[in-house]
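Convention: sequence-line order gives letters A, B, ...; per-chain numbering from 1.
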Amino acid sequence: MNELDFSTTIGNAWFPSPIFTASGCASSGRELAQFFPLHDIGGVVTKSVMNKARHGRPTPRMAETPSGMLNSIGLQGPGIDAFIAKDIPYLIEQKARIIVSIAGETVEEYATLARKLRSVAGISALEVNISCPNVENRGLVFACDPDASRRVIDGVRRTIGGEIPIIAKLSPDVTDLVAIAQGVVESGADALALINTVLGMVINLDTMRPHLGGTTGGLSGPAIRPIAVRAIYQVHAALPKTPILGMGGVSTGRDALEMIAAGASAVSIGTASFTNPTALISVQSELKELLRIKGFESLRGAVGFAHRPEGVVQ
Amino acid sequence: MNELDFSTTIGNAWFPSPIFTASGCASSGRELAQFFPLHDIGGVVTKSVMNKARHGRPTPRMAETPSGMLNSIGLQGPGIDAFIAKDIPYLIEQKARIIVSIAGETVEEYATLARKLRSVAGISALEVNISCPNVENRGLVFACDPDASRRVIDGVRRTIGGEIPIIAKLSPDVTDLVAIAQGVVESGADALALINTVLGMVINLDTMRPHLGGTTGGLSGPAIRPIAVRAIYQVHAALPKTPILGMGGVSTGRDALEMIAAGASAVSIGTASFTNPTALISVQSELKELLRIKGFESLRGAVGFAHRPEGVVQ
Amino acid sequence: MATINKAAVQIRATVVGNKRVGQYYQLIISIGEIANQCRPGNFVAINVGGESSRMVLRRAFAISRVSESSSFGGTMELIVAPHGSGSKWLCAQSEGTVLDVVVPLGTAFGIPTEPVRVLLIGGGYGSAPLFGLAETLHARGCRVDMLLGASTAGKIYAPMEGKRAVNSLRIFTEDGSMGQLGQVTDPIKSLIEDLDIAVIYSCGPMPMLSAINEITSGTNVIHQCAVEESMACGIGICMTCVIPVKDEAGNLSMLRSCIDGPVMDGASIAWEKTGQVI
Amino acid sequence: MATINKAAVQIRATVVGNKRVGQYYQLIISIGEIANQCRPGNFVAINVGGESSRMVLRRAFAISRVSESSSFGGTMELIVAPHGSGSKWLCAQSEGTVLDVVVPLGTAFGIPTEPVRVLLIGGGYGSAPLFGLAETLHARGCRVDMLLGASTAGKIYAPMEGKRAVNSLRIFTEDGSMGQLGQVTDPIKSLIEDLDIAVIYSCGPMPMLSAINEITSGTNVIHQCAVEESMACGIGICMTCVIPVKDEAGNLSMLRSCIDGPVMDGASIAWEKTGQVI
Ligand SMILES: Cc1cc2nc3c(=O)[nH]c(=O)nc-3n(C[C@H](O)[C@H](O)[C@H](O)COP(=O)(O)OP(=O)(O)OC[C@H]3O[C@@H](n4cnc5c(N)ncnc54)[C@H](O)[C@@H]3O)c2cc1C
Ligand SMILES: Cc1cc2nc3c(=O)[nH]c(=O)nc-3n(C[C@H](O)[C@H](O)[C@H](O)COP(=O)(O)OP(=O)(O)OC[C@H]3O[C@@H](n4cnc5c(N)ncnc54)[C@H](O)[C@@H]3O)c2cc1C
Ligand SMILES: Cc1cc2nc3c(=O)[nH]c(=O)nc-3n(C[C@H](O)[C@H](O)[C@H](O)COP(=O)(O)O)c2cc1C
Ligand SMILES: Cc1cc2nc3c(=O)[nH]c(=O)nc-3n(C[C@H](O)[C@H](O)[C@H](O)COP(=O)(O)O)c2cc1C
Ligand code: FES
Ligand code: FES
């Protein structure tokens, strides 16, 4: 039996494993490092960082829902300068492969973040979280507006140059996801991250008011997996050459393979790390095993496999 | 203690209870009547009927997902004429309150259906399921296109006149649900049904292809409840006077109250009837009990209660 | 258009026995007087996973046998293969667990009025309802022959006491680990002729049923088969479980296998149009 | 910025005892050598609902006591209130259930280096970690007084053996069904003066902690409180459990109560900005 080639690439970045953390679900990395070496997984996607430090939203910031959860963190974070000074060096020291997630309130803020990161060594890729309210346009989320999405990616692309691959992270809360995806790819995104959380809400029946401090929150976890798989499948069908970082409810190797077959080149694990701090490791080894059992010689061979023409078997 | 007023109204239609079946989850009513008298619930929303008989999609038509399921039935049904001849008389005989759900592939088909139903006695309301592919516009789902949604409702309104209330059933798979809701209300919808299923997909890892015969399917059940509550809350905030028939993952009285507090005047039970054939009855009695415990004198008093201004307690 | 089994009720029923049999679990569930209403071919729909389960759909299982004499009042027996998360959960329940069961559901095998010769063919756990059926047929004076097949010995379900009503029983396994090496469909053609079979009753995977139907089509042999489609509700309200059926004029309808089935006339099914259960 | 408790490990741990105590359940869980690493104030995060559970988040519980002498090796005791679906599931587990536990988590109560006088105040199940704490303090030569409060008698957790290390114990219930009628916060002010209290340790609902802090603020009494915010992960990776904390310059930070807490300096918390746990 040949050794399985488990590596993947996103733009010009190579990763020995396709299993990454999901932005906002691994904090700075230090906390998960208590449970496994960060070097052992494909990559660490950091919590979306903004230009300035932010307190985020009031508590309660979470609600459990059937097979899922809502969160409304509101991008609490230390700001890009503190992040570059403290978190990047730690991750480099751990030999983690780093994907930095950035978020902004204006097109300009995204470009500023890209400029500050451009000269930082040790970053494998940039994930651009465009599921943020655009303060210049009635708070309309960038990722829900084809035009604003393009402008953000365009600004980042110009600033960052060609060296670091850009992954545009999209929201599923849109009528035409494929159009948004095509737009950002035309504007210079090398890859897409699918999906961010789905907008949801819970009413607290004791207070008879919205439960979350932020009123609405983002739904994540196994509940949304069918939505994520559909999004990945649709976008891969339209843009078969664009690598996809899939996520949304993955908690087993089986789930990861589902996303890969739908078209993902790598898979992020978010909420599952809350259920199980070593989920990344178990998903990774289960996925490897499954690929072997199914007779794949490489992870790449399974990417988008569910799209093969009728009649083609394995 | 006063008797609780459990009744609700949708347009000019009065119902003794706010708990209805969900379209497509009660077949013609006969099957549920094995488990409880149809007269005992608020109303029966019939399976969406089209003009002609349809075979629907190939099997498998379902997949279970975490706290939910996907279905791709493809609107199998007998066609409107057989429906009027066989199903309506049965429901009338059972003294059920009838909400007929209609679906079409063209604006004209919806109007045709409305014309055929106009003169049928015993119908309390019409639910217009606009989550169908529009054959005149690249298969784009009506409910995802503000303009097409309006035209459908406008056509039905003109045909049906003012007698039977029209409930427009919307899809959550849109960027701006409130805009679609406003559009259909302006075009003559008396009420809104929120939400239809969320587009999803599962890959079968044995065949390594999409599991459903129809490739994608509609996600329903508790998994989507937070999305439904959010949709109801948002739309009620924008259109506080428009009654909402809420649905999506309700399986207990607690869940129903959550939707009512978010702004629903009535609640449909779909997938929960698959889990439990008497779900409608248990949801109904649990909801009554909860309203009493919370000190409400009427169901109406609880509708949209989560929107009350800061500081107002019960 | 059929309607739901008139006897169907939703009850809370206690597991009174659970025993491993080969690769299956034999569950005995106390269902009281409803046992009288269960006919060979009927099935049940059971909630799985307990209170905070993420599984929202019931699981369907053929009633293997009912018994009214037991010390628990009426009981039914199910033969369950631990397949995915729901059936595995069920197999892990021990005596005393209270289940939410809808019973009995679906159509039953048609019983001939004359004492004709019949062949019963079961694949895997598909043999479960055939032993109860054999008893009924035997009591009617039919000669009952039986063929059981599976991939391997552990998947053959053939209880000792079940064989009383059977004149002959032949077993086939694909790996030869029990009975003859081969498929259960291999000897059918010659058996029909040798034994002058009037009715074949079959229960098992859809490809097996379809293969049997190819053999019976064009002959006078009646083929009563219990089909298996993915079922979301089991009670006729979801339309997920459909099977393409032709009427006499050749018109196709998609009939619900939970209320127009599971037992159907094999000749009426448009086999080439059936889907594949996972 | 704190980091996760260095001793934290994820283990499979067996329930070795489950006993109802008033309205709570006392669970004894075998955790082996990790028991040595647990300090009063630390908590654990436990998976609930079993394999096909729809509950995706761990539940947090204070470690009430650890014991190393037991016949099961090291064990820990939890006092669990059956509140929602997760804690009810946990309370229903019997001996032999294997749990997925992350232990120990969070900060511990600071122990004074001098034998000062201390007051321990617990609300509801908040008393659980206080008895283990009392033993530690007592061993350091501190005089330990304790106040426990709850809405009703069944919610007072005050085990016999726990009282050994306590000089005085007063109980308050809001319905007067046990101890004195009233709130646990009523006598604090006078007790501080009468007993010359140097440190108050508190654990209970946030409004209770906040009320205690109002009493201690402006005094020299140190207030070490174990806060309670909704926690999605318990290990510092989700940022849901934040508490607004002021530094010396008065700058506010939102600190994670799972790793910068649960035990925090009451004086540093911006109480007016804290959220309400459901
Ligand atoms: C009429 C009928 C009678 C049956 N009798 C028996 C029996 O006697 N013994 C037995 O072991 N099994 C029987 N089955 C199959 C049994 O229902 C499935 O094995 C079981 O539903 C699988 O559930 P799971 O949770 O283990 O698998 P999962 O794969 O987790 O199930 C996921 C979903 O798919 C459905 N599903 C999966 N496999 C099947 C299948 N083969 N048929 C129908 N639905 C399926 C499940 O009901 C569930 O909704 C019968 C099925 C039908 C329709
Ligand atoms: C540090 C800490 C120590 C705790 N110690 C104890 C203890 O010793 N004994 C005890 O009985 N309880 C304790 N709790 C509270 C306990 O965690 C909750 O009662 C429990 O999580 C409720 O879960 P549920 O499934 O029963 O309720 P649900 O309402 O179904 O829970 C839904 C979600 O909200 C969260 N949640 C609900 N209530 C609380 C709460 N009060 N605090 C934090 N999260 C909550 C749950 O964790 C879950 O994610 C502690 C909480 C924290 C944060
Ligand atoms: C608590 C929490 C915080 C998150 N923060 C971020 C974030 O800062 N940036 C981002 O792009 N996505 C964020 N996400 C979304 C996740 O990265 C991921 O897209 C989503 O949770 C779906 O994956 P999952 O189901 O595996 O969690 C967050 C999710 C959660 C649950
Ligand atoms: C099997 C199935 C069939 C459905 N058929 C229809 C339909 O014909 N027309 C329609 O408007 N909605 C249909 N729906 C959507 C439901 O009416 C409802 O909007 C959705 O399932 C959410 O509610 P639930 O989570 O309670 O099931 C169907 C849903 C299911 C699960
Ligand atoms: S399983 Fe629902 S109609 Fe047959
Ligand atoms: S509970 Fe997740 S960071 Fe504290």
Side-chain angles (χ1 to χ4, degrees), chain A residues 63 65-70 140-141 144-146 171-177 180 198-205 207-211 215-217 219 221-234 249 251 254 257-262 290 294 302 305-308 310 313-314, chain B residues 63 65-70 140-141 144-146 171-177 180 198-205 207-211 215-217 219 221-234 249 251 254 257-262 290 294 302 305-308 310 313-314:
Chain A
T65 68
S67 297
M69 67 172 283
L70 291 174
L140 185 68
V141 172
C144 293
D145 176 352
S171 161
D173 294 326
V174 296
T175 309
D176 190 350
L177 183 60
I180 308 255
V198 182
L199 196 65
M201 180 170 179
V202 161
I203 309 280
N204 178 335
L205 292 188
T207 62
M208 287 290 278
R209 290 193 188 276
H211 174 76
T215 309
T216 58
L219 183 63
I224 66 167
R225 199 170 63 233
I227 305 175
V229 172
R230 181 264 298 174
I232 293 165
Y233 189 89
Q234 284 181 327
S251 65
R254 193 224 140 270
L257 183 55
E258 203 186 341
M259 295 212 163
I260 288 162
L290 262 175
K294 297 203 170 281
F305 198 69
H307 295 263
R308 71 197 186 281
E310 277 296 328
V313 288
Q314 212 160 304
Chain B
T65 68
S67 298
M69 67 171 283
L70 291 175
L140 185 66
V141 171
C144 292
D145 176 351
S171 161
D173 294 328
V174 294
T175 310
D176 190 350
L177 182 62
I180 308 256
V198 182
L199 196 65
M201 180 170 179
V202 161
I203 309 281
N204 177 334
L205 292 189
T207 62
M208 287 290 277
R209 290 197 188 276
H211 175 77
T215 309
T216 58
L219 184 63
I224 68 166
R225 199 170 63 233
I227 304 174
V229 172
R230 181 264 297 172
I232 294 165
Y233 189 90
Q234 284 180 328
S251 65
R254 193 223 142 270
L257 183 55
E258 203 185 339
M259 294 211 164
I260 289 163
L290 263 175
K294 296 200 171 286
F305 198 68
H307 294 263
R308 71 198 187 280
E310 277 296 328
V313 289
Q314 210 160 310

- prompt: Which bit of B:V174 comes within less than 4.5 Å of chain A, counting heavy atoms only: side chain, backbone, both or neither?
  reply: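 Looking at B:V174, backbone and side chain both touch chain A.
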query: Which bit of B:L70 comes within less than 4.5 Å of chain A, counting heavy atoms only: side chain, backbone, both or neither?
result: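 For B:L70, side-chain heavy atoms alone lie under 4.5 Å from chain A.
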To the nearest 0.5 angstrom, please state how far the [atom1] atom of [X] sits from the [atom2] atom of [Y].
X      : Y      : atom1 : atom2 : answer
B:M208 : A:E258 : CE    : CD    : 10.0 Å
B:D173 : A:D176 : CG    : CG    : 11.5 Å
B:I203 : A:Y233 : CD1   : OH    : 6.5 Å

Sort out for me which of [options] touches chain A most, counting heavy-atom pairs under 4.5 Å.
options                        : value
B:L205, B:V229, B:I227         : B:L205
B:G217, B:A261, B:G200, B:A228 : B:G200
B:A223, B:G221, B:P226, B:P222 : B:P226

Most contacts with chain B, counted as non-hydrogen pairs under 4.5 angstrom, among A:T65, A:L199, A:T215, A:I232: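 Ranked by contacts with chain B, first place is A:L199.
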- prompt: Using a cut-off of under 4.5 Å for heavy-atom pairs, which of A:G68, A:P210, A:A63, A:P172 has the most such pairs with chain B?
  reply: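 Between A:G68, A:P210, A:A63, A:P172, the count favours A:P210.
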query: Do the non-hydrogen side-chain atoms of A:L257 and A:R254 ever get within less than 4.5 Å of each other?
result: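 Not touching, per the 4.5 Å side-chain cut-off.
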query: Which heavy atom of B:H307 sits nearest a heavy atom of B:A262, and at what distance?
result: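 Minimum heavy-atom contact is NE2-O, 2.7 Å.
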message: Less than 4.5 Å to any heavy atom of chain B: does that hold for the side chain of A:V202, its backbone, both, or neither?
response: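 Its backbone and side chain both get close to chain B.
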Segment of A:L219 engaging chain B (4.5 angstrom heavy-atom cut-off):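 Just the side chain, heavy atoms under 4.5 Å.
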query: With A:T216, which residues qualify under side-chain hydrogen bond (donor to acceptor under 3.5 Å, both in side chains), at least two apart?
result: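 With neighbours one apart ignored, the set is empty.
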- prompt: Sequence neighbours excluded, which residues qualify as side-chain hydrogen bond (donor to acceptor under 3.5 Å, both in side chains) partners of A:S171?
  reply: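 Checked A:S171 against side-chain hydrogen bond (donor to acceptor under 3.5 Å, both in side chains); zero matches.
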